[in-house]
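Okay, structure first, notes after.
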Amino acid sequence: MLIDIHVHSCHWRHEKIRRRNGTHYPTPQTLIEMMDAHGIDKALCMGVVSPAYRYTLVPPEEVLAICAEFPDRLIPTCNVDPRWLDHAATSDFHGLLEAYKEMGCRSIGEYLPNIPLDDPLNLNLFRQVEEVGLPLTFHLAHKMGGTYGCIELFGLPRLERVLEMFPKLVFLAHSQVFWSHIGTDVNETNWASYPKGPVTPGRVVE
């Protein structure tokens, strides 16, 4: 069985609601057709709730509804933003996370608030996600604004700190900032782009 752990979908949006490059998320039916064409049996369907750089929002309730249309093919995730509730590093997300887990969500993602990865708001949520027992797919960014994802620094010092703080939280990494650090040829001019060529294990492996 081939399972894709990172897909997006949403119900129909107006034709003018598109990304800046003209693309848009596939509808559930189109997503299934794409999966069939590539031999994918199941997929983890992710929503989007953080406003940074996204063209539309896809809340957990919509993801659950989409996955209910194709329960044998699509696996629901929930997504949250650490600024929800009280916009504070003391906000209690336990009830929210537990409710989505009980409704069938198997993961958190795609997590992409455009604030530092080790911001107190993120740390507060990560602690509770770890306690509830859900994995989390995160997207890293190299700057604030003009992009999306949790802000990291060259060399991934914030990621190292977060991993040390939450050893039982399963993180699924995503984005060029992470991938570029897999090898040793990463530098401050190419760390926000796709890596190329053979890989010599580098910072990520470390």
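What you see is a predicted model, and the numbers here were worked out from it, not measured in a lab.
For Asn122 (side chain) and Pro82 (main-chain N/O), no donor-acceptor pair under 3.5 Å exists by modelled atom type. Side chain of Lys42 to backbone of Ile75: no donor-acceptor contact under 3.5 angstrom is found. Judged purely by atom type and a 3.5 angstrom limit, Asn190 uses its side chain to pair as donor or acceptor with the backbone of Asp185. With Asp41 contributing its side chain and Leu2 its backbone, the two residues share a donor-acceptor pair below 3.5 Å. Side chain of His142 to main chain of Glu152: no donor-acceptor pair is present (N/O by atom type, distance under 3.5 Å, no hydrogens or angles). Side-chain atoms of Glu130 come within 3.5 Å of backbone atoms of Leu169 as a donor-acceptor pair (strictly under, hydrogens ignored). Put simply, the side chain of Ser175 never gets that close to the backbone of His139: no donor and acceptor are under 3.5 Å apart. Side-chain atoms of Glu69 do not come within 3.5 Å of backbone N or O of Gln29 as any donor-acceptor pair. Under a 3.5 Å cut-off, the side chain of Ser180 and the backbone N or O of Trp191 do form a donor-acceptor pair. The main-chain N or O of Thr184 is never found under 3.5 Å from a side-chain atom of Thr200 such that the two would form a donor-acceptor pair.
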(Q) Apply salt bridge (Lys or Arg N to Asp or Glu O under 4.0 Å) to residues Arg203 and Glu160 and explain how you reach the verdict. (A) CA-CA 10 Å; Arg203 180 67 171 137; Glu160 182 171 23; 2.6 Å; yes
Q: Before giving the answer on side chain to side chain contact (heavy atoms under 4.5 Å, CB included), spell out for Val170 and Leu134 the whole-Å C-alpha distance, their side-chain angles and the decisive distance to 0.1 Å.
A: CA-CA 7 Å; Val170 176; Leu134 289 169; over 6 Å; no
Q: Output, in order, the C-alpha distance, side-chain angles, deciding distance and verdict of side chain to side chain contact (heavy atoms under 4.5 Å, CB included) for Leu159 and Phe178.
A: CA-CA 9 Å; Leu159 177 58; Phe178 178 85; 4.0 Å; yes
Q: Determine, stepwise, if the pair Cys150 / Asn114 fulfils side chain to side chain contact (heavy atoms under 4.5 Å, CB included).
A: CA-CA 5 Å; Cys150 297; Asn114 196 218; over 6 Å; no
Q. Hey, mind stepping through Val63 and Glu61 against side chain to side chain contact (heavy atoms under 4.5 Å, CB included) and telling me if it holds?
A. CA-CA 5 Å; Val63 173; Glu61 290 77 10; over 6 Å; no
Q) How far apart are the C-alpha atoms of Phe126 and Tyr111, what are their side-chain angles, what is the distance that settles it, and do they pass the ring pair (Phe, Tyr, Trp, His ring centres under 6.0 Å) test? A) CA-CA 11 Å; Phe126 292 160; Tyr111 193 79; 5.5 Å; yes
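Shown here for Val199 and Gly183, the closest heavy-atom pair between the two residues is CG1-CA, 4.0 Å. Contact detail for Pro28 and Cys10: the closest heavy-atom pair is CD-O, 3.5 Å. Across all non-hydrogen atoms, the minimal contact from Ser9 to Pro26 is OG-O, 2.9 Å. What you find for Gly145 and Lys143 is that their closest heavy atoms are O-CE, 3.3 Å.
With a 4.5 Å cut-off on side-chain heavy atoms, Ile3 and Ile40 do not count as touching. For the pair Leu121 and Ile115, the minimum side-chain heavy-atom distance is below 4.5 Å. Side chains of Phe93 and Leu85 form a contact here, defined as non-hydrogen atoms less than 4.5 Å apart. Counting only heavy atoms from C-beta outward, the side chains of Asn79 and Tyr100 never approach each other to under 4.5 Å. Met46 is not listed as a side-chain neighbour of Val7, based on a closest heavy-atom distance of 4.5 Å or more. The shortest distance between side-chain heavy atoms of Leu74 and Ile32 falls below 4.5 Å. Between Arg106 and Thr77 there is no side-chain heavy-atom pair separated by less than 4.5 Å. Between Leu172 and Leu136 the shortest side-chain heavy-atom distance does not fall below 4.5 Å.
One hydrophobic cluster holds both Leu96 and Met103 under the rule that ILVMFWY side chains link at heavy-atom gaps under 4.5 Å. Transitive grouping of hydrophobic side chains (ILVMFWY, heavy atoms separated by less than 4.5 Å) brings Ile108 and Leu140 into a common cluster.
Sorted by first then second residue, the ring pair (Phe, Tyr, Trp, His ring centres under 6.0 Å) pairs that include residues 8-49, not counting sequence neighbours, are His6-His8, His8-Tyr25, Tyr25-Tyr55.
Note: Trp179 and Tyr194 have parallel aromatic rings, judged against thresholds of 30 and 60 degrees for the angle between ring planes.
Using a cut-off of 4.0 Å between Lys/Arg side-chain N and Asp/Glu carboxylate O, Glu164 and Arg161 are scored as not salt-bridged. Ionic pairing of Asp119 and Arg158 is not present here: no N-O contact between side-chain nitrogen and carboxylate oxygen is shorter than 4.0 angstrom.
Between the CD1 atom in Ile151 and the CG atom in Leu112 there is a gap of 12.0 Å [rounded to 0.5 Å].
Residues Tyr148 and Glu110 have side chains that never bring a donor and an acceptor to within less than 3.5 angstrom of each other.
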